[in-house]
Participant: 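Please find one structure pasted underneath; my questions will follow.
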Amino acid sequence: MALQNRRNFLAGSAALALTACGGGGGGGSDSSGSTGTTPVTPTPTNPNAVQTALTFGNASVHDPSVIKTNSTYYVFGSHLAAAKTTDLMNWTKLADGVDNNNPLFGNKVTTELAATFAWTTVTDLWAPDVEQLPDGKFYMYYCSCQGSSPLSALGVAVATSVEGPYANKQILLKSGMVGVSEDGTTYDATKHPNVVDPQVFKDASAAGNWWMVYGSYSGGIFIMKIDPTTGLPVAGQGYGKHILGGNHAEIEGAYILYSPTSKYYYLFTSWGGLAANGGYNVRVARSLNPDGPYLDGFGTDMATVRASVPFDRPSIQDNGMKMMGGHNYVNAAFETGTALGYVSPGHNSAYYDATTDKYFIIFHTRFPSLGEYHEIRVHEMHLNEDGWLVIAPLRYAPLSLASPAQAATVTATDAAGTYKLVNHGKDITATSKASIVVTLNTDGSVGGTGGMTGTWTHNGNNKITIVSGGVTYKGVLSRQWNTNSSAFVVSFSAISSTASTAAATGVSLWAVRLSS
């Protein structure tokens, strides 16, 4: 079919580039009965410890891939956009646009990557990844795609500084060809990858092997070994090993993060379409090995997950652990400003800070009523008791900014109270999940006007268990900055990881406390 390319989305087009990053709406309901638009019970005054508002500096970088060097975090994204921050709250834009005004390629990207653009027939770049290899140099793994087909090229450019200028080294892989592909067989878009969305990482083995994971729609997500002395794929791998997706399943944006605590590698991907009506959502699977197999909580090997027919959502949506999707928190009477929420959040990278033992997810998102406009967002992540990462429900601001100071420990007494809770469900849908009112009662029961019932248990060390509708959710309590109440408030994020069905496994609950 004829489809417009991906860049048009970011300019506000309503069309969807299904071969790489798109898909139409869809509907559905949450799996444990917590959907709805029940308004928050009005509270006349703010019950929280209000402080001077924190400030954020926002930037638009689509498909942000993170690298930290010295004390600065950089993100590189589609259309040769880049930004940096030292606090994960305030971003400074560095570059944008695939033209010869972009400093990342020394104002000569069209000549540096002429062979790439000749192959793909477009002068555009999608989600890159920058890594520092053992030689100390910075390697940008870039990709270009025609957009209406998987006619793509993935290459690498090198710089001595993370901010460039980058000089092209060579093209590594091609896709979308008519005839013989990289593995010696005839290219088949339902089985072979679209060679975009790369991420390069070092594993935790004693040998310290390097890998590149990549792919989008088409034949799915693939992984291959990289020679760290050259930055090139080890010879003889073809396209590498298939680990997820196929038959044009709407899955892309792979990113792998290792946890030294759980000893798992976590494979993040985005499912659905990236546009505001595309239902983008972030899912995760895990493995004890960098090249898989990657399993979800139900035990499904992600390599077996493929669309029953091209672009079919129902055939894939019960798989993977859905960490977040489109949602909105309904403002309480005491809250001010536009109600918080995300539309089609996704294409993330992730970072583990060994010094602080903190995990972060960095992604782009659109917003209610703002069309295709997007910005970077950062949330902290936590490991639950089952070893799954869960995403804190509000954008990151360190608790050290609380005034007066607040303890990181959230006791059972602290946790009891009334929350606005979002159930992210398992569906791939453009319909945002609205928050409901849920109360964690001091007797261990769950109630509230939103209609959710069950039990809750504080397990110590900020761990919490919710049981509702026969499903158990394991989560983590924390204090998060709520912009609309100008306060750090008790929050929790939990996920079901051992449910009796695939549809009920991997459902996330995000909750932000309103009052005790």
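Basis for what follows: all heavy atoms, side chains included, without hydrogens, waters or symmetry-related copies.
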Participant: With no hydrogens and no angle check, is any side-chain donor or acceptor of N319 less than 3.5 Å from a backbone partner on I316?
Facilitator: yes
Participant: What's the spacing between T300 OG1 and M321 CE if we round to 0.5 Å?
Facilitator: 10.5 Å
Participant: Locate the shortest heavy-atom distance separating H379 from A392; write the atom from each residue and the value.
Facilitator: ND1-O, 2.7 Å
Participant: Within a reach of under 6.0 Å around NZ of K68, are more than 12 heavy atoms found that belong to other residues, nucleotides or ligands?
Facilitator: yes
Participant: Determine whether a donor-acceptor pair (N or O, by modelled atom type, separation under 3.5 Å) exists between the side chain of R286 and the backbone of G387.
Facilitator: yes
Participant: Which heavy-atom pair separates A397 from F56 by the least distance, and what is that distance?
Facilitator: CB-CZ, 4.3 Å
Participant: Restricting to non-hydrogen atoms, name the atom on S78 and the atom on P128 that form the minimum distance, rounded to 0.1 Å.
Facilitator: N-CD, 4.0 Å
Participant: Salt bridge or not for D203 and K225, using N-O below 4.0 Å?
Facilitator: no
Participant: How about K420 and V330: do any of their side-chain heavy atoms sit closer than 4.5 Å?
Facilitator: no
Participant: For a 4.5 angstrom cut-off between non-hydrogen side-chain atoms, does W211 reach I256?
Facilitator: no
Participant: What are the two closest non-hydrogen atoms of A127 and P198, and how far apart are they?
Facilitator: O-CD, 3.2 Å
Participant: Keeping the roles fixed (side chain from H242, backbone from L244), state whether a donor-acceptor pair exists under 3.5 Å.
Facilitator: yes
Participant: Can you tell me which residue among F268, Y342, Y396 is in a ring-ring contact (aromatic ring centres under 6.0 Å, His included) with F363?
Facilitator: Y342
Participant: Sequence neighbours excluded and cut-off under 3.5 Å, please list the side-chain donor-acceptor pairs for residues 490-499, or say none.
Facilitator:
| residue | atom | partner | partner atom | Å |
| --- | --- | --- | --- | --- |
| S491 | OG | V489 | O | 3.3 |
| S493 | OG | I391 | O | 2.8 |
| S493 | OG | W510 | NE1 | 3.3 |
| S496 | OG | A504 | O | 2.6 |
| S496 | OG | G506 | N | 3.2 |
| S496 | OG | V507 | N | 3.1 |
| S497 | OG | D386 | OD2 | 2.6 |

Participant: K426 vs R283, test: side chain to side chain contact (heavy atoms under 4.5 Å, CB included). Steps then yes/no.
Facilitator: CA-CA 10 Å; K426 264 319 260 300; R283 305 196 183 209; 3.6 Å; yes
Participant: Any side-chain heavy atom of F76 sitting closer than 4.5 Å to one from L125?
Facilitator: no
Participant: Taking everything shown except K202 itself, do over 12 heavy atoms lie less than 6.0 Å from its NZ?
Facilitator: no
Participant: Supply the atom-to-atom distance E380 CD to K358 NZ, rounded to the nearest 0.5 angstrom.
Facilitator: 4.0 Å
Participant: Under a 3.5 Å threshold, yes or no: a donor from one side chain and an acceptor from the other, between D357 and Y352?
Facilitator: yes
Participant: For residues I221 and M302, determine if any side-chain heavy atom of one lies less than 4.5 Å from a side-chain heavy atom of the other.
Facilitator: no
Participant: Return yes if some donor-acceptor pair links the side-chain N/O of R313 with the main-chain N/O of T429 below 3.5 Å, else return no.
Facilitator: no
Participant: I need the single residue from V61, I376, T86 that forms a side chain to side chain contact (heavy atoms under 4.5 Å, CB included) with W91. Which is it?
Facilitator: I376
Participant: Is there a side-chain contact between I226 and Y139 in this structure, where contact means two heavy atoms from C-beta onward sitting under 4.5 Å apart?
Facilitator: no
Participant: The criterion is salt bridge (charged side-chain N to carboxylate O under 4.0 Å, His left out); which residues satisfy it with K174, sequence neighbours excluded?
Facilitator: none
Participant: Testing the basics here: between G337 and N331, what is the closest heavy-atom pair and its distance to 0.1 Å?
Facilitator: O-ND2, 2.8 Å
Participant: Using 4.0 Å as the upper bound for N to carboxylate O, is an ion pair formed by D427 and K322?
Facilitator: yes
Participant: Over 60° means perpendicular and under 30° means parallel, so classify the ring planes of Y217 and F311, tilted if in between.
Facilitator: tilted
Participant: Flag the pair E375 and R395 as a salt bridge only when some basic side-chain nitrogen lies within less than 4.0 angstrom of an acidic carboxylate oxygen.
Facilitator: no
Participant: Does the R479 side chain pair with the main chain of L399, one donor and one acceptor, at a distance under 3.5 Å?
Facilitator: no
Participant: Given side chains that start at C-beta, do those of L340 and N482 come closer than 4.5 Å, heavy atoms only?
Facilitator: yes
Participant: Is the H62-H374 ring centre distance short of 6.0 angstrom?
Facilitator: yes
Participant: Can you label the angle between the Y266 ring and the W388 ring as parallel, tilted or perpendicular, going by 30° and 60°?
Facilitator: perpendicular
Participant: Looking at P293, is its backbone amide N or carbonyl O close enough to the side chain of S287 to form a donor-acceptor pair, meaning the two atoms are under 3.5 Å apart?
Facilitator: yes
Participant: In a check of ring-ring contact (aromatic ring centres under 6.0 Å, His included) between Y351 and each of F360, Y73, Y255, which one passes?
Facilitator: Y73
Participant: Going through the distances and angles, do N194 and S152 end up as a side chain to side chain donor-acceptor pair (under 3.5 Å)?
Facilitator: CA-CA 7 Å; N194 182 9; S152 301; 2.5 Å; yes
Participant: Looking at OG1 of T85 and CG of N58, how far apart are the two atoms once the value is rounded to the nearest 0.5 Å?
Facilitator: 10.5 Å
Participant: In Å and rounded to the nearest 0.5 Å, what is the CZ to OH distance from F201 to Y265?
Facilitator: 7.0 Å
Participant: Taking it one step at a time, do V305 and W271 satisfy side chain to side chain contact (heavy atoms under 4.5 Å, CB included)?
Facilitator: CA-CA 12 Å; V305 176; W271 299 36; 4.1 Å; yes
Participant: Between Y280 and E252, is the side chain to side chain donor-acceptor pair (under 3.5 Å) condition met? List the steps.
Facilitator: CA-CA 10 Å; Y280 228 27; E252 64 181 10; 2.4 Å; yes
Participant: So L401 and M89, do their side chains get closer than 4.5 Å, heavy atoms only?
Facilitator: yes
Participant: Heavy atoms, side chains only, cut-off 4.5 Å: are D129 and Y214 in contact?
Facilitator: no
Participant: Write down the atom of V122, the atom of F117, and the distance for their closest heavy-atom approach.
Facilitator: O-CD2, 3.2 Å
Participant: Kindly determine whether M323 and L389 satisfy side chain to side chain contact (heavy atoms under 4.5 Å, CB included), including the steps that lead there.
Facilitator: CA-CA 8 Å; M323 303 184 79; L389 286 165; 4.1 Å; yes
Participant: Under the side chain to side chain contact (heavy atoms under 4.5 Å, CB included) criterion, do H364 and H347 qualify, and how do the steps go?
Facilitator: CA-CA 7 Å; H364 73 251; H347 203 125; 3.6 Å; yes
Participant: Would the distance check show the side chain of N247 and the main-chain N or O of A307 forming a donor-acceptor pair, the cut-off being under 3.5 Å?
Facilitator: yes
Participant: Are the side chain of S435 and the backbone N or O of Y329 linked by a donor-acceptor pair below 3.5 Å?
Facilitator: no
Participant: How many angstroms lie between atom CG of D291 and atom CG of L267, to the nearest 0.5 angstrom?
Facilitator: 11.5 Å
Participant: Is the backbone of G475 close enough, under 3.5 Å, to the side chain of N384 for a donor and an acceptor to pair up by distance?
Facilitator: no
Participant: Any chance you could measure L172, atom CG, to T116, atom OG1, to the nearest 0.5 Å?
Facilitator: 9.0 Å
Participant: State which residues pass side chain to side chain donor-acceptor pair (under 3.5 Å) with H192; sequence neighbours excluded, sorted by chain then number.
Facilitator: D183, T185
Participant: Does any N or O in the side chain of E335 come within less than 3.5 Å of the main-chain N or O of N484, such that one atom is a donor and the other an acceptor?
Facilitator: no
